[in-house]
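Reviewing the structure listed below.
Just so it is clear, the model here is predicted, and its values are computed rather than measured. Positions are given from 1, in the same order as the sequence printed here.
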Amino acid sequence: MPKPKIAQQGPYPVDLEKGETKAWCQCGESENQPYCDGSHKATSFKPVVFKADQSKKAYLCGCKQTKKAPYCDGTHRTLLDNNGNCK
């Protein structure tokens, strides 16, 4: 199974408004990170569409390896070497 491109090492802080629908980029190719711009069409990935259940600051995954998509679960910390660079 192909791995998504790591868009950035850490999460994207975003302000979500209750009831709004967003499409989180899962492939890592979007120029509109952390949201989808349709770049996945050249990949086997699809965006994760979600609806905000409340207005809040959220942290959307930038490494695209989270187990709690679209939210950051800290997985990016396991992808770094001792110098802080992606493995």
Side-chain angles (χ1 to χ4, degrees):
M1 182 172 169
K3 291 207 174 217
K5 175 183 173 186
I6 296 173
Q8 77 174 21
Q9 292 179 354
Y12 290 93
V14 298
D15 292 315
L16 298 176
E17 295 296 323
K18 182 178 181 174
E20 73 182 340
T21 300
K22 297 286 189 179
W24 173 74
C25 170
Q26 188 175 47
C27 70
E29 300 291 339
S30 175
E31 295 292 324
N32 188 36
Q33 292 294 333
Y35 302 114
C36 177
D37 70 358
S39 296
H40 66 275
K41 292 176 182 167
T43 74
S44 61
F45 295 97
K46 295 191 183 328
V48 174
V49 178
F50 69 100
K51 189 172 195 173
D53 59 354
Q54 60 181 320
S55 294
K56 64 180 178 180
K57 167 99 44 203
Y59 296 88
L60 302 186
C61 178
C63 74
K64 311 303 179 182
Q65 310 293 313
T66 184
K67 302 288 188 269
K68 295 183 178 183
Y71 303 100
C72 176
D73 68 359
T75 298
H76 62 274
R77 290 189 287 263
T78 67
L79 305 175
L80 304 178
D81 63 19
N82 291 334
N83 297 316
N85 299 311
C86 289
K87 292 181 184 177

For a quick test of reading the model, state the closest non-hydrogen atom pair linking [X] to [Y] and the distance between them.
| X | Y | answer |
| --- | --- | --- |
| Gly38 | Cys36 | N-SG, 3.3 Å |
| Pro47 | Ala23 | CB-CB, 4.1 Å |
| Cys63 | Ile6 | O-CG1, 3.6 Å |
| Pro4 | Gln65 | CG-NE2, 3.5 Å |

Residues in ring pair (Phe, Tyr, Trp, His ring centres under 6.0 Å) with Phe50, at least two apart?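 Checked Phe50 against ring pair (Phe, Tyr, Trp, His ring centres under 6.0 Å); matches are Tyr71.
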
Yes or no on side-chain contact (heavy atoms from CB on, under 4.5 Å) for Lys64 and Lys3, after CA distance, side-chain angles and deciding distance? CA-CA 9 Å; Lys64 311 303 179 182; Lys3 291 207 174 217; over 6 Å; no

Whether over 12 other heavy atoms sit under 6.0 Å from Lys46 NZ: no

Residues two or more places apart in sequence or in another chain: which of them pass side-chain hydrogen bond (donor to acceptor under 3.5 Å, both in side chains) with [X]?
| X | value |
| --- | --- |
| Asp73 | Thr66, Thr75 |
| Glu17 | Ser55 |
| Lys57 | Asp15 |

Mind checking side chain to side chain contact (heavy atoms under 4.5 Å, CB included) for Thr21 and listing every partner two or more places apart, or none if nothing turns up?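 Checked Thr21 against side chain to side chain contact (heavy atoms under 4.5 Å, CB included); matches are Val49, Lys51.
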
Tell me, please, which residues at least two apart from Cys27 pass side chain to side chain contact (heavy atoms under 4.5 Å, CB included).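 Cys27 satisfies side chain to side chain contact (heavy atoms under 4.5 Å, CB included) with Cys25, Glu29, His40, Thr43, Phe45 only.
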
Name all residues meeting the salt bridge (charged side-chain N to carboxylate O under 4.0 Å, His left out) criterion together with Glu20; count only those two or more places apart in sequence or in a different chain, and write none if there are none. Lys22

Quick one: salt bridge (charged side-chain N to carboxylate O under 4.0 Å, His left out) partners of Lys41, sequence neighbours excluded? none

Look at the side-chain heavy atoms of Ile, Leu, Val, Met, Phe, Trp and Tyr, link any pair under 4.5 Å apart, and say whether Val48 and Tyr59 land in one connected group.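 No, Val48 does not connect to Tyr59 through the hydrophobic network.
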
If you round to the nearest 0.5 Å, how far is SG of Cys61 from CD of Gln8?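 These two atoms lie 9.5 Å from each other.
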
Is the shortest heavy-atom distance from the side chain of Ser44 to the side chain of Pro2 under 4.5 Å? yes

Going by the ring-ring contact (aromatic ring centres under 6.0 Å, His included) test, which pairs reach into residues 5-37, not counting sequence neighbours? none

Is it true that the side chains of Ser39 and Asp37 contain a donor and an acceptor less than 3.5 Å apart? yes

